[in-house]
Amino acid sequence: MKRPIAGLLFCFGLLAGCHRQSSATAEDLVEISELVALSKLGLPLTVFPRADDRASKEYRDFLGCIDSHDGAELRKTFAAAFRQHMSEREIDDAVMFYRSEAGRRLTQSELAHSRFMVGLSTQEPSSLSENDEREIKVFESTAAGRKARIDGTYADPEMVRKISDQAMKMVEQCARKIKQR
């Protein structure tokens, strides 16, 4: 008589685990992966593609303006893309990865590389460890990893257009501010 009850309790435990509440949101994923900061850091290189141009005062002013922009519209667009292309479970899995040591080091490395490329840092970013690289590849081989890092937001032409439009608005706002000085 104890076995059927134990089996029933085991089944209820499995069912409870299958219907868990999602704890992470698309907004959490955007925040923890630093997508807005990374996107903003890429803008100066599109406006000032030549290294010679990046020594100018205009470049420094532009960089400061872009850095001070809150990026709220970009944040909303990235979150909408994640909600559209990822299940709640995939968002949870992606947030769990970015909260891991390898995920945090990946984000720090990408930010450091972007800061170095735009001239906010003179220190060459360090490479990720072999272990971190392995963990990143494992994550990227999952549905959550492919959608968060490779196939998700940037594979959707409509999202790319929205992100580009918002980026151009930031560029135009900063160009106007700099001209007014």
| Where Ala79 and Ala26 come nearest, the two heavy atoms and their spacing | O-CB, 3.3 Å
| Interatomic distance, Glu58 atom CD to Cys65 atom SG [nearest 0.5 angstrom] | 13.5 Å
| With sequence neighbours excluded, what pairs up with Glu130 under the salt bridge (Lys or Arg N to Asp or Glu O under 4.0 Å) test? | none
| task | Output all residues satisfying side chain to side chain donor-acceptor pair (under 3.5 Å) with Glu133, sequence neighbours left out; order by chain, then residue number. | result | none
| remark: In short, Arg54 meets Pro49 closest at the heavy-atom pair NH1-O, 3.0 Å
| Cationic N near anionic O, under 4.0 Å, Arg75 to Glu31 | yes
| message | Could you check whether Arg149 pairs with Glu110 (Lys NZ or Arg NE/NH1/NH2 to Asp/Glu carboxylate O, under 4.0 Å)? | response | yes
| message | Taking the basic N atoms (NZ, or NE/NH1/NH2) and the acidic carboxylate oxygens, is any pair closer than 4.0 Å for Asp165 and Lys169? | response | no
| query | Side chains of Phe97 and Asp93: closer than 4.5 Å at any heavy-atom pair? | reply | no
| task | Please name all residues satisfying salt bridge (Lys or Arg N to Asp or Glu O under 4.0 Å) with Arg99, sequence neighbours left out, ordered by chain then number. | result | none
| Which residues share a side chain to side chain donor-acceptor pair (under 3.5 Å) with Asp28, sequence neighbours left out | Thr25
| task | Considering only NZ, NE, NH1 and NH2 on the basic side and carboxylate oxygens on the acidic side, decide whether Lys137 and Glu140 come within less than 4.0 Å. | result | no
| query | Residues two or more places apart in sequence or in another chain: which of them pass ring-ring contact (aromatic ring centres under 6.0 Å, His included) with Phe48? | reply | Tyr59, Phe62
Below 3.5 Å, can you tabulate the donor-acceptor pairs from side chains in residues 170-177 to any protein atom, sequence neighbours excluded?
| residue | atom | partner | partner atom | Å |
| --- | --- | --- | --- | --- |
| Gln173 | OE1 | His69 | NE2 | 3.0 |

| Worked verdict on Thr77 versus Gln166 for side chain to side chain donor-acceptor pair (under 3.5 Å) | CA-CA 9 Å; Thr77 302; Gln166 290 164 1; 2.6 Å; yes
